[in-house]
Amino acid sequence: MIIQKIKNICCIGAGYVGGPTMSVIANKCPDININVVDIDQEKINLWNSEDLKMLPVFEPGLADIVKKCRGKNLTFSTKLKEHISNADMVFISVNTPTKTKGIGAGQASDLKYVEACARQVAIYAKGYTIVVEKSTLPVRTAETIKTILESSNSLKKKSNTFAVLSNPEFLAEGTAIKDLEFPDRVLIGGESEDAIKSLSTIYKRWVPEKKILHTNIWSSELAKLTANAFLAQRISSINSIGALCEATGADVREVARAIGTDTRIGSKFLDSGPGFGGSCFKKDILNLVYLSRYYGLKEVADFWEGVVHLNNWNQQRISEIVVKKLFGTLTNKKICILGFAFKANTNDTRESAAIKICLDLLNEGANLFIHDPKVTKKQIAIDLNKAPKNDKEENKLNSKIDESSWQKINNIEDGFKDADAVIVLTEWEEYSKIDWEFVANIMRHPAWIFDSRSIVDYKSIKNTDLHLWKVGDGSN
Ligand code: NAD
Ligand code: UGA
């Protein structure tokens, strides 16, 4: 069966991938109707909100595209049945978290959401439908999806046909729109030449043909996990060297520059930091670990598991350094946290190093004043599993209380006043412009600045009596 031209797309999952990806396709292909569906009514309401600042995903450039396409060829709704049955092509873009119970708990991917989607498509699809795996999935998941889809004929006693493709997404949060508009490559794995052609035709509208790679379906699924594993491995590598720099007097930025100029190594992804966060690196590596063990490859599993171990250790070591420098106790100390998102230019906090570090500091008795330009107080409360100080107390920004507490601040100066330490955890640009000479006058001394991202303006600190700790800097 050949589909010459795709007219209707349904994307299941209106999250960080489904929302931006479909917005960009809608913008590039005004003749294709794109309907993004989700089971989460609250999220759909936010995607439809008049005030574009309320969109559930913050990404530079996203709001402009949503404004341009929404209501024209781009919709957001909970109408799964209607939009699946009208679609020539269905993208599955739902979350694939790590299993929390049963076989493979803590490592294997939980495919319950993907399976639920396949069942919905099996029930509601009409005629010939191309089903595209956009979610990151373990190798051979397409087999499961196919089996479920093929059961649809017996379910409905009529003859529907399906092709399943793997088309993993490589966008990074914070640069999602740029990554989607100018991807390094688009990967399409599958068996059906016609289906591959239909999907390639969409991307060819804005992606040069030589960047559209075709592989078999299993290579495509595995390439996605491998790409994330390699990227995360680079971060654990540079963080391990950062710790060694601190111990030996070397500077990790100089080491990174020296090795990055070797074209075989390359200069990207060599920023030492508090440890990688984000919803995918850890879960995808653990999935790779699980798959390797499943196929009896213990040494392969151990190798990749080391990347996650190193990352956990790195996050923990930052809070230990803070406690040590502040005389071994944080009780009743005011600490200003700059940044809660897992990286700059996103409101996403999933697996953010800030969560683990803030929990460790709270456990030590600290009073945290947390600033982030995009993360809400509600999200921080969910992540820390602890309510903020109540609003009345919040107004008395300088008050000291006996037990650990946190509060969200909108004005960073409120965090600096009488603080014992400032910890930079996310590389938001505004933190690189802080005037430390001013800050030094309002902190409580001895006062510490912990820069886990190497972004603060060191020249402005040099003229003050602030103590500075900078990740990977052996001269600290
Ligand atoms: P997300 O949690 O932001 O969004 C997933 C959405 O799917 C949620 O809104 C959820 O309500 C919805 N959903 C779940 N089950 C559903 C169902 N049966 N019907 C309808 N909607 C359903 O997740 P995400 O960050 O967008 O990630 C999605 C997938 O893409 C994951 O596999 C992830 O590994 C992969 N990925 C993510 C990124 C990223 O930067 N976040 C990048 C590349 C790939
Ligand atoms: C990552 C990949 O970069 C994407 O290609 C992939 O599609 C995506 O995961 C996914 O599958 O979810 P993302 O997690 O959004 O994207 O962001 P990254 O830029 O990769 O950053 C991940 C973490 O590593 C962040 O906490 C970041 O601060 C940290 N990082 C990154 C460093 O500590 N140092 C670096 O040099 C780069």
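Since this is a predicted model, take the numbers as computed values, not measurements.
Nearest approach of Ser267 to Arg234, heavy atoms of both residues: C-NH2, 4.2 Å. The nearest pair of heavy atoms linking Gly106 to Thr98 is C-CG2, 3.2 Å.
Salt-bridge annotation for Lys324 and Glu320: absent, with no side-chain N of the basic residue lying under 4.0 Å from a carboxylate O of the acidic one. By the 4.0 Å N-to-carboxylate-O rule, Asp302 lies close enough to Arg293 to be salt-bridged with it. Salt bridge annotation for Glu133-Lys224: absent, with no cationic side-chain nitrogen under 4.0 angstrom from a carboxylate oxygen.
Taking the six-membered ring wherever Trp is involved, the centroid distance between the rings of Trp406 and Phe340 does not fall below 6.0 Å.
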> Checking side chain to side chain contact (heavy atoms under 4.5 Å, CB included) for the pair Leu165/Val131: CA distance, chi angles, key distance, verdict?
Replying inline: CA-CA 6 Å; Leu165 298 178; Val131 178; over 6 Å; no
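Aromatic ring orientation, Phe450 versus Trp448: parallel (interplanar angle below 30°, classes split at 30° and 60°). Ring geometry for Phe269 against Phe281 counts as perpendicular: the plane angle is over 60°, on a 0 to 90° scale with 30° as the lower cut. Note on ring orientation: taking the six-membered ring where Trp is involved, the planes of Phe76 and Trp47 are parallel (angle under 30°, cut-offs 30° and 60°).
Judged purely by distance below 3.5 Å, without hydrogens or angles, the side chains of His371 and Tyr431 pair a donor atom with an acceptor atom. Using modelled atom types, one finds no donor on one side chain facing an acceptor on the other under 3.5 Å when comparing Lys333 with Asn367. Between the side chains of Asn311 and Ser236, no donor-acceptor pair of N or O atoms lies under 3.5 Å.
Note that Lys146 lies outside the cation-pi zone of Phe162, set by a 6.0 Å cut-off to the ring centre and a 45° limit from the axis. The cationic atom of Arg185 (NZ for Lys, CZ for Arg) lies less than 6.0 Å from the six-membered ring centre of Phe170 and within 45° of the ring axis. A cation-pi arrangement is found for Lys374 relative to Phe58, the charged atom lying closer than 6.0 Å to the ring centre and inside a 45° cone about the ring normal.
A distance-only check finds no donor-acceptor pair linking the side chain of Asn95 to the backbone of Tyr113 [under 3.5 Å].
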